[in-house]
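Since the structure comes first, as structure tokens, the remarks are kept for the end.
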Amino acid sequence: MIDVRSLRTDPDAVVAALARRHDDDVDAQLAEARRLDGRLRAITGERDGARARVNELSKEVGRLRREGDVPAAEGLQEESRTLGAEEKRLAAEHEEVSSQLRELLLVIPNLPHPEAPDGTSDADNPVVRGPFLPETFAEHQRVPHWDTGAELGILDVERATKISGAMFTMQRGAGATLARALCQLALDRNADAFEEVRPPTLVLSSTLTATGQLPKFADDAYAVERDDLWCIPTAEVPLTSLYAGEIVDQADLPIRLMASTPCYRREAGSAGRDTRGMLRTHEFDKVEILAVATPEQAPDLLEELLARAEGTIADLELPYRIIEICTGDLGQSHHRSFDVEVYAPGCDQWLEVSSVSWFSDYQARRADVRFRRRDADGTPTKGSEIAHTLNGSALAVPRVWAAIVENRRQPDGSVEVPDALRPYMRGIDRIGPA
RNA sequence: GGAACGGUGGCAGAGUGGACGAUUGCACCCGCCUUGAAAGCGGGCGGCCGAAAGGCCCGGGGGUUCGAAUCCCUCCCGUUCCGCCA
């Protein structure tokens, strides 16, 4: 959520910042939010005043009764009853307006970072590093991974579909080992600074609301309706909510977490796109790295997370580039984002394999993750502040798997395992025909 | 799934209709004492909204009452026992 207070104190700045998203609904939403906020504050004052008078009268009634002045007490009780009814009406109105405001706030997107590039769509995302490409690709690399995968018996889409339907895949043999090796590499590479977590992958609605998937993007997530739970689309969801409702000590920030989990996505809006192979699937494994930080720590962490995602891809010797997400393409919760894209010569596509983002306090406000500052001599200060959150994919398995199978394909049709993965491959350094 | 007992401040744990946002202990902070520390002594010490006055928060929601941490209903969560189970 954006900060309502900023909307109150500096509405023009908020309107201007959000205008850069080129989202047609935002202006009207902001105007309505301001109106509701004004009304809410007025009602709050009235309601509190009524309550204060009821409390005062009740105290007086107690005093009179102790002193035995029952008639006087009964007179005040009558007055209090009337006031109480008024208070009830105001409280109900307060409740109504407050939930309207909250609902609206939940769909208003985050303010883009001032340095995020302007643009209206993904076509405007600038390449900020790279592309790091070899001079040419050989003919033997121009084979889509679904062909090579089937040929080598390491990808069995047909049977995955039999079991679970379209857009599910299954890796087998050395292909399954490769998928697992990728997760292990990503975890080991980041274990120097990140605590490994194995979070639940079914979560409550409130958890999915905190990170921004609900209420607006419910169609993208799998729901386990009978138990009112949702399948996580990314480990970002449980990890961001790890400290929900808590106030953490500044001394403990940044908190760095990582998790390897399956991710579930309905891909509701993308039917018919990327239907072959492993480019887009309903279920996949991903290693996520995440930080909870102070606002001051966030910019450096964003760079660090990006460097870690990039470093892993570089270690795997894959051709890649880094793009920055422009204001018109930024996700609802995002403040600033970068993508790592890998080139897959077989299907001749740049594949998004990692997205690294800074959410400012947008998610933390929804999740209620706060921190308490310490002053210069280390004494905890009064009050609390909303934390900042950042995260990125350390490695998303299917597309990296596909890119390896295509880039590493040899003239004889086998696939050479990148050096970085060999420690995890049980001695397999080349995947040949089964 | 069944039964019993619980849910109060960072933690422990009182409070069972009115002076209670809440006794007390521990932890923490400041001061005194001390060469320094510990102990001791004195003081401070929850969160949220609000410019303030004030209001709200004793698991969530609802109810009874002039007034609810306290009584009633309901839901959620926890512990223990039973059942089932990888």
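Order of the sequence lines sets the chain letters (A, B, ...), proteins ahead of strands, with each chain counted from 1.
- Base engagement by A:S58 is indicated by at least one non-hydrogen atom pair under 4.0 Å involving a base atom.
- When the P atom is compared between B:G7 and B:U16, the two are found 13 Å apart, to the nearest whole Å.
- Separating the CZ atom of A:R81 from the C1' atom of B:C66 is a distance of 6 Å, rounded to the nearest angstrom.
- Nucleotides B:C28 and B:G21, compared at atom P, are 29 Å apart to the nearest Å.
- In terms of phosphate contacts, A:R372 brings a side-chain nitrogen or oxygen within less than 4.0 Å of OP1 or OP2 of B:G47.
- Proximity of A:D188 to A:Y424: side-chain heavy atoms (C-beta onward) are separated by under 4.5 Å at one or more points.
- Regarding contacts with the backbone of B:C48, every side-chain N or O of A:R365 stays at 4.0 angstrom or more from both OP1 and OP2.
- A donor-acceptor pair shorter than 3.5 Å cannot be found between the side chains of A:S384 and A:R372.
- Heavy-atom distances to RNA chain B give each of A:G62 and A:L76 a nearest nucleotide, and the one nearer the 5′ end belongs to A:G62.
- A:E87 places its CD atom 18 Å from the P atom of B:G54, with the value rounded to the nearest Å.
- Enclosure of atom CZ in A:R426 is not indicated, since only 12 or fewer non-hydrogen atoms of other residues, nucleotides or ligands lie within 6.0 angstrom.
- B:C11: Watson-Crick or G-U partner is B:G25, with both key distances under 3.5 Å.
- Counting only heavy atoms from C-beta outward, the side chains of A:L290 and A:M258 never approach each other to under 4.5 Å.
- Atom CG in A:D37 sits roughly 9 Å away from atom P in B:G50 (whole-Å rounding).
- Base pairing annotation: B:C81 forms a Watson-Crick or G-U wobble pair with B:G2, both donor-acceptor distances under 3.5 Å.
- B:C30 and B:G36 are spaced 16 Å apart, taking the P atom of each and rounding to whole Å.
- For B:G67, neither phosphate oxygen OP1 nor OP2 lies less than 4.0 angstrom from any side-chain nitrogen or oxygen of A:S80.
- Between the CG atom of A:L83 and the C1' atom of B:C66 there is a distance of 11 Å, given to the nearest Å.
- Spacing of C1' atoms, B:G42 relative to B:G61, comes out at 45 Å, to the nearest Å.
- Counting to the nearest Å, the C1' atom of B:U65 and the CZ atom of A:R65 are 11 Å from each other.
- Nucleotide B:G50 is matched to nothing when pairs are restricted to Watson-Crick or G-U wobble geometry with both distances under 3.5 angstrom.
- Nucleotide B:C41: paired with B:G31 (Watson-Crick or G-U wobble, both distances less than 3.5 Å).
- Atom P of B:A27 sits at a distance of 16 Å from the matching atom of B:C11, rounded to the whole Å.
- If you take atom C1' in B:A22 and the same atom in B:C56, they sit 15 Å apart, rounded to whole Å.
- Residue contacts shown for A:T44 are absent, as no nucleic acid heavy atom lies under 4.0 Å away.
- Atom CD1 of A:I247 and atom P of B:G47 are 7 Å apart (whole Å).
- Counting to the nearest Å, the P atom of B:G54 and the CD atom of A:E56 are 10 Å from each other.
- Aromatic rings of A:W358 and A:H334 (six-membered ring for Trp) have centroids beyond the 6.0 Å cut-off, not under it.
- B:U80 and B:G60: their C1' atoms are spaced 24 Å apart (whole Å).
- Comparing B:C66, B:C49, B:G55 by their closest approach to the side chain of A:V61 singles out B:C66.
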Quiz item: When you look at A:R265 and A:D220, which way does the salt bridge (charged side-chain N to carboxylate O under 4.0 Å, His left out) test go after all the steps?
Solution: CA-CA 6 Å; A:R265 301 188 179 179; A:D220 294 326; over 6 Å; no
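- Summarising the local packing, CD of A:E158 is surrounded by 12 or fewer heavy atoms from other residues, nucleotides or ligands at distances under 6.0 Å.
- Side-chain proximity of A:A52 to B:G47, B:G54, B:G67: nearest is B:G54.
- Atom C1' of B:A4 sits at a distance of 28 Å from the matching atom of B:G17, rounded to the whole Å.
- Here the C1' atom of nucleotide B:A53 and the CZ atom of A:R51 are 16 Å apart, to the nearest Å.
- Contact annotation: A:R47 side-chain N/O to B:C49 OP1/OP2 distance is not under 4.0 Å.
- Checking A:K88 against A:R41, the closest nucleotide of RNA chain B that is more toward the 5' end is the one next to A:R41.
- Within 4.0 Å (heavy atoms only), A:R53 reaches no atom of the nucleic acid at all.
- One finds a side-chain N or O of A:N55 lying less than 4.0 angstrom from the OP1 or OP2 phosphate oxygen of B:C56.
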